[in-house]
2 protein chains.
Amino acid sequence: MKNDNITIKDIAKALNLSYSTVSRALKGSYKISEGTQQLVKEYAATHNYRPNLMAQSLKNQKSRCIGVVLCSIPNSFFAEVISGIESIAYNKDYLLIITQNLESYEREVKNLDNLTWRSVDGLLVSLSTETEDISHFQRLHDQGLPMVFFDRVTDAIPTHQVITDNIGGAFDATKHLIERGYKRIATITSSPFLSITRERLEGYKKALTEHNMPVNDDHIQYCPHGGMVIEEIDSALNNLLQLNEPPDAILTASDRITIGSFSLIQRKGLLIPDEIAVAGFSNFNAPELFNPPLTTVRQNAFEMGKQATELLIQLVESKRPVTSFEKKVLPTELIVRKST
Amino acid sequence: MKNDNITIKDIAKALNLSYSTVSRALKGSYKISEGTQQLVKEYAATHNYRPNLMAQSLKNQKSRCIGVVLCSIPNSFFAEVISGIESIAYNKDYLLIITQNLESYEREVKNLDNLTWRSVDGLLVSLSTETEDISHFQRLHDQGLPMVFFDRVTDAIPTHQVITDNIGGAFDATKHLIERGYKRIATITSSPFLSITRERLEGYKKALTEHNMPVNDDHIQYCPHGGMVIEEIDSALNNLLQLNEPPDAILTASDRITIGSFSLIQRKGLLIPDEIAVAGFSNFNAPELFNPPLTTVRQNAFEMGKQATELLIQLVESKRPVTSFEKKVLPTELIVRKST
DNA sequence: TTGAAAGCGATACCAT
DNA sequence: ATGGTATCGCTTTCAA
């Protein structure tokens, strides 16, 4: 494409000034006379001058790019997060490079490698289910690359985090199930490596314990890939249903697991909620349209994307090294419907 | 972040060669001796040399960026498309800049402006519902910026297109409704500006006509913003239900409209399909879980993203101007469920 | 086959 | 307050 944008040189020539003067005038440097600034800025505006970002990047060693690391773009939760990220990044003239790893550690590493090659200024990261070793992030963090973790975070790297109140969300849902009278409440959750798994499990156990109900290890089933493969969910379900005393309610701990379990239970011909109740974390669009309408714990995905991005840009643009970090915790919303 | 990558100069110094020789050797230029090439490539490999993309971009006036223009990232159809785009772009080392306009013409123009500022090498475009005037694209196309339209396309700009067989999809669904015995089949569709609206309407009318059923203009309702605002869908529905002879079946012509209509009909207390049947275009995740399970026309969104991206990269990398363009038409899949 | 040097556009240091 | 110039890393033309 023919680039018909004007450059600093064009302005300099037209106004009989030097490149440097024009450059400084555009930045509003205090060492430039009012008159010249006016002149330059007006000329730039009327001729629709836009600094060449590639040149700026090369010179400043800043790309104004943010790398996004997550498992799956079409996942409704993450798609909403991305939308939130986009809303902030675009306003602040940052560009997004979005990578998806499909819950593969290997792809996560490869994607990260690509992102650093693109010399992103910072990273927004939500770990893959397979990721136990985080040294690939550690290394970049040690080199000073700003990063913010969201949703699936790690405490091993000291930086900002934006998460959901997973403990509270799981607690509320479990408590709701208990109060509805369910006696054997199981949970199908994601990979044990993930922070969200640990926290949601904690909320689940806390609710049981507070209501003097036993925590039965058989009632806790893991999906190593967060339900990315449906067979995982199926075998988790079968494990539960084959118990001597199968559960009468299930708390599903992520979007994919919720939809997958719901669907599989139907296919097995079990009645929800009469034979088994289902409540789960889900940012699915229209859980009220399900049969039966689904009780969900909803996260504010859009807000999570926004806050994580704001924190990251703060880090990226901070003049001095940041040493105190925030852990933002967003509230969940339990919406009770007919499935419980 | 401290950039510890080695540069061409480092290699040149280490091997006692000139910059230019190293540069050419790395590109496998034929004017460089085998020996030197080997030497340089090995050194580069072992020292993990990665060309600085910002420098390359500046020099070549190529950014290896693809701009994506669409209405909404979390929309399940577009999220899948993006996933398809990503799968190709990432393999070919192109970077994605994704913009969403929320069906606003103004935001589409502004986003486009930003994309060109970022000097993208090409565009993947799906028009907003508000967009009637496409001169902002026309201008860039005239300047030689490669672009490929997908889903919501325009014939006014001669370039590749990747679309769904909208006529066929709407025809199949309508035919199905007719064969099920419905007599008054209405449709709620998107903005009349959109190609998908025109084509789906054509399929709808064709099916009616072929079965000797009248095309009733009252039975065709438009949503100027594609159902981005739920009130649009509600008033479309009300218009239909207030008719002297209200329809006994509805074909909904887009994802948002399908879910919106389904939900509103339920809220109005009408029984699906007994009082009114619903079939619609939808790439929603789990229409089989709905109550009742939803009859859908499914598009291959992932494939659409892939093909559009392949065509675009072809255009971008083509040495000589491309003058003959493809219009790829992907098949739809009608999945009949209980809602019809 | 290889080297020297100009240049992509913007920035910042060193002069004046 | 302004101008000259080197520089970021890479590509490419022109010379040798």
Side-chain angles (χ1 to χ4, degrees), chain A residues 1-41 43-44 47-65 93 116-121 319, chain B residues 1-41 43-44 47-65 93 116-119 121 317 319:
Chain A
M1 171 195 175
K2 214 185 71 225
N3 192 342
D4 50 1
N5 286 337
I6 65 167
T7 73
I8 278 196
K9 295 193 183 181
D10 297 323
I11 302 184
K13 237 171 278 170
L15 299 180
N16 244 313
L17 291 167
S18 71
Y19 310 160
S20 20
T21 305
V22 174
S23 171
R24 279 176 291 214
L26 286 169
K27 300 211 116 50
S29 165
Y30 52 97
K31 291 182 175 175
I32 300 289
S33 74
E34 276 294 314
T36 320
Q37 285 208 27
Q38 279 296 325
L39 201 67
V40 172
K41 283 183 178 168
Y43 189 93
H47 290 73
N48 202 23
Y49 167 78
R50 286 293 197 69
N52 181 309
L53 292 177
M54 305 188 269
Q56 274 187 334
S57 299
L58 178 58
K59 183 64 191 174
N60 302 336
Q61 308 290 6
K62 294 241 173 253
S63 60
R64 289 197 85 81
C65 284
D93 278 328
T116 52
W117 180 30
R118 290 284 185 180
S119 37
V120 291
D121 294 340
K319 301 295 177 200
Chain B
M1 173 194 176
K2 213 185 72 226
N3 191 341
D4 51 1
N5 285 336
I6 66 167
T7 73
I8 278 194
K9 295 194 184 179
D10 296 324
I11 303 183
K13 238 170 278 172
L15 299 180
N16 244 314
L17 290 167
S18 71
Y19 311 160
S20 21
T21 306
V22 174
S23 172
R24 279 176 291 219
L26 287 170
K27 300 212 114 48
S29 166
Y30 51 99
K31 291 182 174 173
I32 300 289
S33 73
E34 276 292 315
T36 319
Q37 283 207 28
Q38 279 295 326
L39 200 67
V40 172
K41 283 184 177 167
Y43 188 93
H47 290 72
N48 200 24
Y49 168 77
R50 286 294 197 67
N52 181 309
L53 292 176
M54 304 188 270
Q56 273 187 333
S57 299
L58 179 58
K59 182 64 192 176
N60 301 336
Q61 307 292 5
K62 294 237 173 256
S63 61
R64 289 197 87 80
C65 283
D93 276 330
T116 51
W117 179 30
R118 290 282 184 181
S119 36
D121 294 342
E317 296 183 346
K319 302 292 178 202

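Keep in mind it's a predicted model, so treat the numbers as computed, not measured.
- The NZ atom of A/Lys27 sits 12 Å away from the C1' atom of C/dG9 (whole-angstrom rounding).
- For A/Ser33 and D/dA1, a side-chain-to-base donor-acceptor distance below 3.5 Å is absent, hydrogens and geometry of angles not being considered.
- Straight-line distance from the CG atom of A/Leu58 to the C1' atom of C/dC8: 9 Å, rounded to whole Å.
- Within the 4.0 Å cut-off from OP1 or OP2 of D/dT11, not a single side-chain nitrogen or oxygen of B/Gln61 is found.
- The nearest heavy atom of DNA chain C to B/Asn60 and to B/Tyr19 marks one nucleotide each, and the one closer to the 5' end goes with B/Tyr19.
- With rounding to the nearest 0.5 angstrom, the CG atom of B/Leu58 is 11.0 Å from the CG atom of A/Leu53.
- Counting only heavy atoms from C-beta on, A/Ala55 has its side chain closest to C/dA10 among D/dG3, C/dA10, C/dA4.
- The CG atom of A/Leu17 sits 11 Å away from the P atom of D/dG4 (whole-angstrom rounding).
- B/Ser20 and B/Ser23 share no donor-acceptor pair across their side chains, judged by distance under 3.5 Å alone.
- Of the candidates D/dC10, D/dC8, C/dT11, D/dC10 carries the atom nearest the B/Pro51 side chain, counting heavy atoms from C-beta on.
- Taking CZ of B/Arg118 as the reference point, atom OG of B/Ser57 lies at 12.0 Å (rounded to 0.5 Å).
- A/Gln38 places its CD atom 15 Å from the P atom of D/dA1, with the value rounded to the nearest Å.
- D/dT11 atom P lies 13 Å from atom CD1 of B/Ile32, rounded to whole Å.
- As rounded to whole Å, 13 Å separates atom C1' of D/dC10 from atom CG of B/Asp10.
- Heavy atoms of A/Asn16 sit under 4.0 angstrom from primed sugar atoms or phosphate atoms, though from no base atom.
- In this structure, A/Lys59 does not reach the C/dA12 phosphate: none of its side-chain N or O atoms is under 4.0 Å from OP1 or OP2.
- When heavy atoms are screened at a 4.0 angstrom cut-off, B/Ile8 is found touching the sugar-phosphate backbone but no base atom.
- Applying the 6.0 Å contact sphere to OH of B/Tyr19 captures no more than 12 heavy atoms from other residues, nucleotides or ligands.
- For the pair A/Lys9 and C/dC8, the criterion of a side-chain N or O lying under 4.0 Å from OP1 or OP2 is met.
- Comparing C/dG9, C/dT11, D/dG3 by their nearest atom to the side chain of A/Gln56 picks out C/dT11.
- Rounded to the nearest 0.5 angstrom, A/His47 NE2 and A/Ile11 CD1 are separated by 8.5 Å.
- Residue contacts for A/Thr36: at a heavy-atom cut-off of 4.0 Å it reaches the sugar-phosphate backbone alone, with no base atom in range.
- The base of D/dG4 is not paired with the side chain of A/Ser18 by any donor and acceptor separated by under 3.5 Å.
- Note on B/Ser23: a base of the nucleic acid sits closer than 4.0 angstrom, heavy atoms only.
- Between the side chain of B/Asn52 and the backbone N or O of B/Met54 there is at least one donor-acceptor pair closer than 3.5 Å.
- The separation between A/Lys13 atom NZ and D/dG3 atom P is 15 Å, rounded to whole Å.
- Rounded to a whole Å, the CZ atom of A/Arg24 is 11 Å from the P atom of D/dA1.
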